[in-house]
Participant: 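Handing you this structure, nothing more for now.
Just so it is clear: chains get the letters A, B, ... in the order the sequence lines come, proteins before strands, and each one is counted from 1.
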Protein chains: 2
Amino acid sequence: MYHAAMTTTETNIGQVARWFHALSDETRLRVVELLAGGERCVCELQEAVAAAQSRLSFHLRVLREAGLVVDRRQGRWNYYSLRPEVLEEMAAYLRERKPADGACAACGRGAGAQGECCD
Amino acid sequence: MYHAAMTTTETNIGQVARWFHALSDETRLRVVELLAGGERCVCELQEAVAAAQSRLSFHLRVLREAGLVVDRRQGRWNYYSLRPEVLEEMAAYLRERKPADGACAACGRGAGAQGECCD
DNA sequence: ATGATACATCAACGAACATTGATGTGTCAA
DNA sequence: TTGACACATCAATGTTCGTTGATGTATCAT
């Protein structure tokens, strides 16, 4: 269901797209912000985001299938929590693609680069 | 057209959703990966991602309106480049919401916390 | 056993999104 | 000044997404 985006040499662009898609909706972002404070059961989330039950369930599924959250069943309740490793992978993906501030626009080399820049 | 997501005290969740939406598509991710290597003109991108001209133009607009890229017109060519500050803001958003690895699931407190955790 | 609670899942629908082909606009070379 | 080039934009269409209301399932208290 969930696949890691990184192999030793390359990035699985499809999985990266799913990661970001999972965070492209305001309701899901609200859920993530709540889960940033720790594990929550569905009924807590439901009240906090004021969403109909099936609607919240849909969004939780999107987050789950993207690998951003996991659920843990306990009796009648289902507790969701964030997967910190995945948030970390996403952040790393962004920082790795970020040119150094002030880098040469054309070649992306750092601001300190001299001589061999943009030949 | 583009608004920063952060104010002094709170996060503009709508802008955050637009950021992530911009990266929720494989074609746009490919463009971002190319731009990570430095500024590119549209025709270079077009060849590299093998997309029809109007299709690429559409995706560039999404990226531009989300604030992830800027364009610079020069003669007949239009050069696009990433905005590193925004990629940095996105990465920061993720890391700020990431519970410490090994933190208490329920309360989100760090692994080192003792005694007062989960009372 | 019965009913209530806490969910997941499904089908149906509208809304948002992506793709395509056509047209428009500015720039440049001949 | 004509034509080619490098785009942006638009209208039409198909596809994916999100919402709603209904139904299903497991758990628990009575």
Participant: Are OP1 or OP2 of C:dC7 and a side-chain N or O of A:Arg76 less than 4.0 angstrom apart?
Facilitator: no

Participant: Starting the side chain at C-beta, find the nucleotide from C:dA18, D:dT19, C:dT20 nearest to A:Thr27.
Facilitator: D:dT19

Participant: Using whole Å, report how far CG of A:Asn78 lies from C1' of D:dA26.
Facilitator: 12 Å

Participant: Please give, in whole Å, the distance from C:dC17 C1' to B:Arg55 CZ?
Facilitator: 13 Å

Participant: Roughly how many Å is it from CG in A:Asp25 to P in D:dC17, rounded to a whole number?
Facilitator: 12 Å

Participant: Quickly work out the A:Arg64 CZ to C:dA8 C1' distance and round it to whole Å.
Facilitator: 8 Å

Participant: Starting from P on C:dA6, measure out to CG on A:Asp71 and report it in whole angstrom.
Facilitator: 17 Å

Participant: Considering only side-chain heavy atoms of A:Val42, which listed nucleotide, C:dT9, D:dC7, C:dC7, is closest?
Facilitator: C:dC7

Participant: Please report, rounded to the nearest Å, how far the P atom of C:dT5 is from the CD atom of A:Gln46.
Facilitator: 13 Å

Participant: Inspect the surroundings of CD in B:Glu47 and state if more than 12 heavy atoms from other residues, nucleotides or ligands are less than 6.0 Å away.
Facilitator: no

Participant: Find which nucleotide of DNA chain D each of A:Trp77 and A:Ser24 is nearest to by heavy atoms, and output the residue with the more 5' nucleotide.
Facilitator: A:Ser24

Participant: Picking from A:Val62, A:Leu60, A:Leu56, what satisfies side chain to side chain contact (heavy atoms under 4.5 Å, CB included) with A:Phe58?
Facilitator: A:Val62

Participant: So, is the end of the A:Arg18 side chain (NZ or CZ) under 6.0 Å from the ring centre of A:Phe20 and within 45° of the ring's axis?
Facilitator: no

Participant: Could you tell me whether the side chain of A:Arg30 and the main chain of A:Leu45 form a donor-acceptor pair under 3.5 Å?
Facilitator: no

Participant: Is the phosphate of D:dT19, meaning OP1 or OP2, less than 4.0 Å from a side-chain N or O of A:His59?
Facilitator: yes

Participant: Check the phosphate of C:dA18 against B:Arg28, side-chain N and O only, distance under 4.0 Å to OP1 or OP2. Yes or no?
Facilitator: yes

Participant: How many Å lie between OH on B:Tyr79 and C1' on D:dA6, as a whole number?
Facilitator: 11 Å

Participant: Where the side chain of B:Phe58 is defined as all heavy atoms beyond and including C-beta, which of C:dT20, D:dC7, C:dA18 is the nearest nucleotide?
Facilitator: C:dA18

Participant: Report which part of the nucleic acid B:Tyr80 touches: base, sugar-phosphate, or nothing (heavy-atom distance under 4.0 Å, all strands).
Facilitator: sugar-phosphate

Participant: Answer yes or no: is there an ion pair linking B:Glu85 with A:Lys98, defined by an N-O contact shorter than 4.0 Å?
Facilitator: no

Participant: Check if the side chain of A:Gln53 and the base of C:dA6 share a donor-acceptor pair of N or O atoms closer than 3.5 Å.
Facilitator: no

Participant: Whether B:Arg61 contacts D:dT9 is assessed here as follows: a side-chain N or O lying under 4.0 Å from the phosphate OP1 or OP2. Is that the case?
Facilitator: yes

Participant: In whole angstrom, what separates A:Leu63's CG from D:dC17's P?
Facilitator: 14 Å

